Each structure stands twice: as structure tokens, then as C-alpha cells.
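Inspection log for the structure reproduced underneath, given as C-alpha cells.
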Amino acid sequence: MSISGGTAGTKYYISGTYLNNQGIIKNTDFTRAGLRARLDQDLNSWLKLGAGMNYVYSHSNEIPNGGMTEAYGALTGFIFSNNFINPEKDQNGKYPSTTPVAVVKRTNPLEAINNFKFAQRTSRFIGNLSLQAKPTEGLTLNYVLGFDNTNSLGQPTSHQGTQHHPTSRATHNAQTSAPLC
């Protein structure tokens with residue numbers, strides 16, 4: 001959704017986005033929302049001022065998906081599991097191995113779905129101020145000052161009794177501010 005308009009000396013633009021995507025595996029999803037705005041103003045016949053911003057927030061709930069060299073994950077557990085083994089918990093509350101242990105012990109796909117969670121949040125703001133001057137015919141000077149701030153947080157968790165315990169926490173925060181000439 002967007003709105004734009006203005007007058008002879010002023011122009012504006014505002015837009016917003018939203019996405020919510022349910023994952024293909026139980027307990028997984030992805031959500032993203034964003035806002036963008038821009039305002040440009042003619043100060044006089046030879047000088048223009050502008051400001052813009054873009055903000056995006058995303059959140060996801062994930063589970064390990066493994067890979068060819070990883071021993072845990074819902075997808076690898078499903079793909080490489082024997083289809084004749086019941087993946088449900090046994091009477092002792094333990095998930096059975098669904099692959100021959102002599103080959104590689106992979107996580108039971110139901111164990112990965114029910115016991116692992118990886119939540120991730122990312123927030124990013126990009127802004128700029130611009131000044132454009134045309135002091136004489138044939139000469140245009142542009143000055144842009146930009147700011148970029150990103151903050152990401154990843155939090156994996158697992159329940160007691162799982163075969164694998166991913167316990168790391170990842171945080172990333174970056175800021176840049178530099179003139180772009």
C-alpha cells in the first residue's frame with residue numbers, strides 16, 4: 001500500500017508492507033513488516049532538500065533443518081528416515097532413531113519439530129538527508145548523508161531429553177553513518 005502526492009514545490013511518498021508466511025513444517029513461520037517514507041522540498045529555484053527513511057522488522061520461528069553433513073533437523077530426519085519406523089515417542093517418552101545407527105544417527109523428525117525452536121528477530125532502519133544545489137547553469141552539487149542501523153537476535157532453544165542441545169545465542173547490531181557524495 002502506498003500514498004504519494006504533493007504540490008509544485010513539495011513531493012511526498014509513503015508506503016507500507018506486511019507479509020505473514022506459515023512454514024511448511026509445524027511450528028514454523030515468518031512475518032515481515034515495513035514502512036518507507038520520502039519527502040522532497042524545493043527551498044528556492046536552485047536549492048532542494050530531501051529526507052527519506054526505510055524501516056523493516058521481521059520475525060521467524062524456525063526449527064533445525066539440518067543438511068547433508070548435519071545429524072539433526074526435521075527435513076533431513078524425514079528425508080533419510082526409514083518409513084517403517086514409527087517416529088512417535090515410546091512408552092518411556094523417548095523418540096526412536098529412525099535411521100540405522102551404523103550409518104549415521106539422525107534426529108527423529110518429530111523430535112526436531114516438538115523439541116527444538118529457533119526464534120529470530122531483525123530490525124533495520126535506513127535513513128538519509130539530501131541537499132541538491134544548482135548554483136549555475138550546468139553545475140549540480142549533491143550531498144547525501146545516510147544512516148543504517150541493523151539489530152538481529154537469534155535464540156535457539158531445546159527441551160530436556162533431546163538428542164542434541166543447540167544452546168548458542170547470536171546477536172548482531174551494526175550502525176553506519178557516512179556522507180555519500
Side-chain angles (χ1 to χ4, degrees), residues 1-4 12-39 50-81 87-89 93-99 104-130 143-181:
M1 170 194 242
S2 66
I3 300 170
S4 62
Y12 65 88
Y13 174 82
I14 300 171
S15 70
T17 62
Y18 180 78
L19 170 71
N20 187 332
N21 188 0
Q22 182 180 350
I24 61 171
I25 298 174
K26 179 181 166 186
N27 302 329
T28 64
D29 62 20
F30 176 77
T31 303
R32 180 180 60 222
L35 176 67
R36 180 177 289 193
R38 177 102 194 134
L39 178 64
M53 60 80 62
N54 186 34
Y55 176 76
V56 177
Y57 173 82
S58 65
H59 180 270
S60 62
N61 290 305
E62 305 168 15
I63 57 171
N65 287 326
M68 292 305 290
T69 61
E70 297 295 328
Y72 65 92
L75 290 177
T76 54
F78 175 75
I79 292 168
F80 296 108
S81 288
E88 297 287 339
K89 289 182 185 179
K94 293 191 179 200
Y95 289 96
S97 176
T98 56
T99 58
V104 63
K105 185 170 180 160
R106 296 215 181 257
T107 298
N108 179 312
L110 287 182
E111 178 185 17
I113 291 169
N114 294 329
N115 291 338
F116 294 116
K117 180 179 180 182
F118 184 80
Q120 183 171 316
R121 290 186 321 233
T122 301
S123 178
R124 185 172 189 189
F125 177 86
I126 302 171
N128 68 66
L129 291 172
S130 63
Y143 181 79
V144 179
L145 177 66
F147 178 78
D148 188 353
N149 180 309
T150 302
N151 188 317
S152 297
L153 173 66
Q155 181 73 47
T157 57
S158 65
H159 296 280
Q160 293 291 340
T162 57
Q163 297 291 331
H164 307 306
H165 297 279
T167 57
S168 64
R169 177 182 169 136
T171 303
H172 173 74
N173 188 356
Q175 292 184 12
T176 59
S177 181
L180 306 170
C181 300

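Values in this document were obtained by computation on a predicted structure and should not be read as measured data. Basis for what follows: all heavy atoms, side chains included, without hydrogens, waters or symmetry-related copies. By convention here, the first residue in the shown sequence is residue 1.
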Y57 versus R121: any side-chain heavy-atom pair under 4.5 Å? yes
Do you know the tightest heavy-atom contact between H59 and A119? NE2-CB, 4.3 Å
In the structure I gave you, are the side-chain heavy atoms of I14 and L35 within less than 4.5 Å of one another anywhere? yes
Measure the shortest side-chain to side-chain distance between L129 and F147 over non-hydrogen atoms and say whether it is less than 4.5 angstrom. no
Could you go step by step and tell me if F125 and N151 meet the side-chain contact (heavy atoms from CB on, under 4.5 Å) rule? CA-CA 9 Å; F125 177 86; N151 188 317; over 6 Å; no
Is it true that Y55 and S123 share a donor-acceptor pair across their side chains at a distance under 3.5 Å? yes
Under a 3.5 Å distance rule, please check whether N108 uses its side chain to pair with a backbone N or O of T98 as donor and acceptor. no
Give, for atom CG of L145 and atom CG of N128, the distance between the pair rounded to the nearest 0.5 Å. 8.5 Å
Contact check, side chains of P156 and F116, non-hydrogen atoms, under 4.5 Å: no
To the nearest 0.5 Å, tell me how far I24 CD1 sits from D29 CG. 13.0 Å
Quick check: do N27 and N61 have side-chain heavy atoms less than 4.5 Å from each other? no
Atom CZ of residue position R36 - does it have more than 12 heavy atoms of other residues, nucleotides or ligands inside 6.0 Å? no
Sequence neighbours left out, what passes side chain to side chain contact (heavy atoms under 4.5 Å, CB included) with S58? Give chain and number order. F30, R32, T122
Closest non-hydrogen atom pair between Y95 and E88, with its separation: CD2-C, 4.5 Å
Determine whether L110 and K26 make a side-chain contact, defined as any pair of heavy atoms from C-beta on separated by less than 4.5 Å. no
Smallest separation among heavy atoms of P87 and P96, with atom names: O-CD, 3.8 Å
Return the minimal non-hydrogen interatomic distance between R38 and S130, and the atom names on each side. NH2-OG, 3.2 Å
Which atom pair, heavy atoms only, marks the closest approach of I25 to T28? O-OG1, 2.6 Å
